[in-house]
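Numbered from 1 within each chain, the chains take letters A, B, ... in sequence-line order.
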There are 2 protein chains.
Amino acid sequence: MDFRETLEQICKQVDGALAASVMGYDGIAVESVEMERPGNAEAEFNVQSAMVEYSSVFGQIRAAAEQVQAGEASEFSIRTEKLVAVGRALTPDHFVVIALAPEGNLGKARYTLRIRAGSIAAEL
Amino acid sequence: MDFRETLEQICKQVDGALAASVMGYDGIAVESVEMERPGNAEAEFNVQSAMVEYSSVFGQIRAAAEQVQAGEASEFSIRTEKLVAVGRALTPDHFVVIALAPEGNLGKARYTLRIRAGSIAAEL
């Protein structure tokens with residue numbers, strides 16, 4: 001299965017999903033999908049740029065966790081007014097991230113990434 | 001009610017809570033409480049230092065969210081092998097954070113911080 005199909009399935013399984021990506025910690029996406037967004041409430045807001053920016057944050061989280069000997073960082077979530085992002089580590093170089101609308105199902109997003117991470121990582 | 005009492009109540013309400021702090025984004029704690037930890041599995045691991053380190057990460061998350069116009073960052077969670085940290089913004093300068101054991105109740109931690117944030121913020 002290619003990443004695009006997997007990411008589309010993930011988005012369809014999670015209420016409120018706006019986009020999903022497999023990304024490097026350098027902010028370069030291996031694959032990204034973006035859902036159609038009804039209305040234009042978020043028209044001025046670029047989900048893809050947000051995920052690129054967050055990739056650097058996730059890199060900093062990993063470094064901080066290593067610094068304090070808390071072990072490997074496996075998952076993060078960030079809630080802002082317009083977006084919830086949930087990321088999960090795949091390999092030392094890559095992670096998968098879902099962007100949700102603020103009212104989206106964060107628990108389902110975390111669950112879905114946890115279930116899918118192994119098979120995505122196996123293809124990286 | 002002082003912060004210490006509030007933080008202790010929060011820790012008691014959340015299964016697996018190890019510690020809680022009201023902190024500045026500069027990493028300086030206004031108040032911190034740490035629960036007794038059974039056994040010594042995590043003896044080499046300092047929860048307080050982790051929270052100080054994460055305060056800088058949360059600051060970076062806020063900056064990233066501002067950068068991509070995602071609105072104000074209100075909440076974050078970071079899962080590592082030994083620790084789950086859940087933070088919630090209180091004021092432009094302060095946030096509250098709970099550190100949990102990996103098997104702790106993340107959903108309850110988020111809920112409890114959301115419910116308590118207003119009254120803690122009012123005293124800052």
Side-chain angles (χ1 to χ4, degrees), chain A residues 18-19 27 41-89 95 97 99-111 113-114 117, chain B residues 18-19 27 41-89 95 97 99-111 113-114 117:
Chain A
L18 301 173
E42 292 152 307
E44 85 288 8
F45 169 61
N46 187 322
V47 173
Q48 291 298 336
S49 342
M51 295 207 277
V52 171
E53 199 66 35
Y54 285 170
S55 67
S56 135
V57 169
F58 196 18
Q60 288 157 353
I61 290 172
R62 281 160 51 94
E66 195 173 321
Q67 176 85 11
V68 297
Q69 303 179 306
E72 194 113 329
S74 58
E75 192 187 87
F76 73 93
S77 70
I78 299 172
R79 175 180 294 276
T80 63
E81 286 166 55
K82 297 184 191 168
L83 188 75
V84 178
V86 186
R88 189 168 182 96
F95 66 102
V97 57
L100 305 170
E103 70 281 9
N105 190 336
L106 171 58
K108 187 70 180 287
R110 288 176 54 225
Y111 167 81
L113 292 187
R114 193 171 71 236
Chain B
L18 302 173
E42 291 151 310
E44 85 287 11
F45 169 61
N46 187 320
V47 174
Q48 292 298 334
S49 340
M51 296 207 278
V52 171
E53 198 65 35
Y54 285 171
S55 68
S56 137
V57 170
F58 196 18
Q60 287 156 353
I61 290 172
R62 282 160 50 94
E66 196 172 319
Q67 176 86 9
V68 298
Q69 302 181 307
E72 195 113 328
S74 58
E75 193 186 88
F76 73 94
S77 70
I78 298 172
R79 175 180 295 276
T80 63
E81 287 166 54
K82 297 185 191 167
L83 188 75
V84 178
V86 186
R88 190 169 182 96
F95 66 102
V97 58
L100 305 171
E103 69 282 7
N105 190 337
L106 171 58
K108 186 71 179 287
R110 290 175 54 224
Y111 167 81
L113 291 188
R114 193 171 72 237

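With sequence neighbours excluded, no residue forms a salt bridge (charged side-chain N to carboxylate O under 4.0 Å, His left out) with B:Glu53. For A:Gln60, the side chain to side chain donor-acceptor pair (under 3.5 Å) test picks out no residue, with sequence neighbours left out.
Of all the listed residues (B:Ala89, B:Ala65, B:Gly87, B:Ser77), the one sharing the greatest number of non-hydrogen pairs under 4.5 Å with chain A is B:Ser77. Per-residue counts of heavy-atom pairs under 4.5 Å with chain A were compared for B:Ser49, B:Ala63, B:Ser56, B:Ala64; the largest is that of B:Ala64.
In this structure, chain A has no heavy atom under 4.5 Å from any part of B:Arg62.
At a threshold of 4.5 Å between non-hydrogen side-chain atoms, the residues B:Leu83 and B:Tyr54 count as touching. Side chains of B:Leu113 and B:Glu75 form no contact here, defined as non-hydrogen atoms less than 4.5 Å apart.
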